[in-house]
Structure formats: C-alpha cells, structure tokens
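Take a look at the structure below.
Given the structure is predicted, the values throughout are model-derived calculations rather than measurements. Values below: all heavy atoms of this structure, side chains included; hydrogens, waters and symmetry mates excluded. Residues take their numbers from the sequence shown, with the count starting at 1.
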Amino acid sequence: MVKMTIVGRVSDGLPLARGPRYLNQEHDSFSFYKQQAEFILKEISRGALAPSKMTIRVDHHSFQYPPPPPLLRNYYLMENGIGCFITLCDSSYPRKLAFHYLQDLQKEFQKFDISLIDKITRPYSCVKFESIIGNIRKQYVDTRTQANLSKLNANRGQDLDIVIEHMYQIVERKRQSEISEEILTATRKHVSSIWGSPRLEVIALKWTPIAIIVAVAAILLWANLVLTDEFIV
C-alpha cells in the first residue's frame, strides 16, 4: 500500500507537495517517515544519491511495543533534475507498481509551469498538486485491478534495473561526510588562527619596518663595496 508521497524540488531539496497520509498511527509515526523522506530529498539535491531511481529500505533496529510494522520501503524517481517524487510503501507492495505510480505523478508534474515551480519558497505550498497526488494514488490502492495487473504483467521477463539501498547506509555516509567536513574546517581554522593571530600582527607591524631598513642598508653597503673595488682596479 502507498502510505505517503512527497514531491520536491531537486535544485535545493525544497518539499513542494505531499499526498494524504495513510499510516497506522498505532505503529507508525508520520513525522518520523516524513523527516526521512525530506532527508532523502536533501541528499538528492546535494548529489549524494546519484541514480535517477532508487529503492530505499527502512529498517527498524529498536525494541518497540506494540511490535513494529512490516518493513517499509521508500521509492524515489527524479525527473530531469527538476522534480523528485518519493513514496513510502509496504515491503509487500509491488515495486513495479510503485514506480508506475511515481511515473504518473511525473507526467502530471510536467504540465506545471517550471517558472512558477522555481518561484516557490515555502515548503508544501504547491497545494494544487496535493489533490492530484490523492487522485492518482486511488488508482494504485488495489493491486488486483485489471489496469494494475496489466502493468505488472507487462515486460514480465525484464527486471527493473534499480539501485537498492538501506536507509542506515545513507545516514552513515552523511555522518561520515559531516565528520570529514568538520575535521577539514577545524584544520583550516587552526592554521588560520596561527598566522592570523593578534600577536603575529603586532610582531609584523613592529619588525617589518626595521627589516626593510636593514635590507636597504645592506644593499647600499654592498653596492658601495662593489663600486670601491672597481675604482681601485
């Protein structure tokens, strides 16, 4: 079952619209999965998730009561570097149908004026597209309809060439990237603090004129000695 859908802008990771949520509140936290979808969107916008299509498995590693729900999966589809379409489904939901659903959303999104999409500044302010998400989702609720069975049986021998990752792998890469950036920033600040310290500035202001005078005097003395030697010869 399609539980949640978010459409975002690839250039900056801004979420533009979301569909109705269909999460069992006894087991699932909507805000938790919403944050995960927004995190995926941000990772796509910064180029950390390169494939245009991906299946992301969401694992549960904590003890909970009541027991956690079945494994969930995030699917995303990126369109021409403009829009990104993310949906959360049960692991039992056919992956092929999930991507058909995202492709239908993509086709509707292409009808929007790109210049208007670029002007949006507030998250989830593309309200008009939310109703479109709800209408298209209704077509994919029942996987046994004739239309959906036809989609599942089409090109049955060809497996979807889609990258599969676990959510914890993406989070860990992000964490390692942040650690590397922090180390690099700290190193730069340390070097900058040494050469840009007030003490060195005082020393430079005090001794630079003296060093210049000494250097000029040495040059004049050397020139005088050279001229004297030439005159003696």
From I6 atom CD1 to L88 atom CG, the distance as rounded to the nearest 0.5 Å: 9.5 Å
Contact summary for L41 and G8, nearest pair of heavy atoms: CD2-CA, 3.6 Å
CZ of R57 to OH of Y168, rounded to nearest 0.5 Å, is 10.0 Å
Rounding to 0.5 Å, atoms CD1 (I179) and CG (L184) come to a distance of 13.5 Å
Could you go through the side chain to side chain contact (heavy atoms under 4.5 Å, CB included) check for I136 and E108 one step at a time? CA-CA 10 Å; I136 294 178; E108 291 298 320; 3.6 Å; yes
Is T5 reaching over with its side chain to a backbone N or O of R18, donor-acceptor style, under 3.5 angstrom? no
List for me each residue that meets side-chain contact (heavy atoms from CB on, under 4.5 Å) alongside A17, sequence neighbours excluded, and say none if there are none. C126, F129, E130, I133
Are L49 and V171 in one and the same hydrophobic cluster, where Ile, Leu, Val, Met, Phe, Trp and Tyr link if side-chain heavy atoms are under 4.5 Å apart? yes
Spatial distance of atom CD1 (I82) from atom CD (Q110) [nearest 0.5 Å]: 8.5 Å
I need the minimum non-hydrogen distance between A98 and C89, along with the two atoms involved. CB-SG, 4.2 Å
Might you work through the side chain to side chain contact (heavy atoms under 4.5 Å, CB included) test for M4 and R137, ending with a clear yes or no? CA-CA 10 Å; M4 184 177 66; R137 181 195 172 277; over 6 Å; no
Inter-residue atom distance I132.CD1 - L105.CG, 0.5 Å rounding: 9.0 Å
Side-chain touch P123/L14, heavy atoms, less than 4.5 angstrom: yes
Group every Ile, Leu, Val, Met, Phe, Trp and Tyr by side-chain heavy-atom contacts under 4.5 Å, then state whether F112 and I114 land in the same group. yes
Decide yes or no for V58 and R73: does some side-chain heavy atom of the first lie under 4.5 Å from some side-chain heavy atom of the second? no
Once salt bridge (Lys or Arg N to Asp or Glu O under 4.0 Å) is applied, what residue pairs with a partner in residues 169-179 remain, sequence neighbours excluded? E43-K174, E165-R173, E172-R175, K174-E178
R9 side chain to I117 backbone, donor-acceptor under 3.5 Å: yes
Let me check something: any side-chain donor-acceptor pairs from residues 143-151 under 3.5 Å, sequence neighbours excluded? List them with distances.
residue : atom : partner : partner atom : Å
R144    : NE   : D142    : OD1          : 3.4
T145    : OG1  : N148    : N            : 3.3
T145    : OG1  : N148    : ND2          : 3.1
N148    : ND2  : Q139    : O            : 3.0
N148    : ND2  : D142    : O            : 2.7
S150    : OG   : Q146    : O            : 2.9
K151    : NZ   : Y140    : OH           : 2.6

Can F109 be reached from I120 by stepping across I, L, V, M, F, W or Y side chains whose heavy atoms are under 4.5 Å apart? yes
Between Y76 and T55, does any side-chain donor sit less than 3.5 Å from a side-chain acceptor? no
Show your reasoning for whether side chain to side chain contact (heavy atoms under 4.5 Å, CB included) applies to V141 and V2. CA-CA 7 Å; V141 173; V2 176; over 6 Å; no
Can any side-chain N or O of Q35 pair as donor or acceptor with the backbone N or O of F32 at less than 3.5 Å? no
Using the rule that two of Ile, Leu, Val, Met, Phe, Trp, Tyr join whenever any of their side-chain heavy atoms come within less than 4.5 Å, decide whether Y124 and V7 are in one cluster. no
Please check if M167 and V163 belong to a single hydrophobic cluster, counting links between Ile, Leu, Val, Met, Phe, Trp and Tyr side chain heavy atoms closer than 4.5 Å. yes
With the side chain counted from C-beta on, respond yes when R122 and P15 share a heavy-atom pair under 4.5 Å apart, and no when they do not. no
Residue pair S31, Q36: steps toward the side chain to side chain contact (heavy atoms under 4.5 Å, CB included) verdict: CA-CA 9 Å; S31 60; Q36 284 196 329; over 6 Å; no
Could you tell me if the side chain of I183 sits less than 4.5 Å from the side chain of T185, heavy atoms only? no
When every non-hydrogen atom of L77 is compared with those of Q106, the smallest separation belongs to CD2-OE1, 3.2 Å
Verify, without hydrogens or angle tests, whether D113 (side chain) and S115 (backbone) share a donor-acceptor contact under 3.5 angstrom. yes
Determine whether C84 and I44 make a side-chain contact, defined as any pair of heavy atoms from C-beta on separated by less than 4.5 Å. yes
With rounding to the nearest 0.5 angstrom, report the CZ to OG1 distance, F99 to T87. 10.0 Å
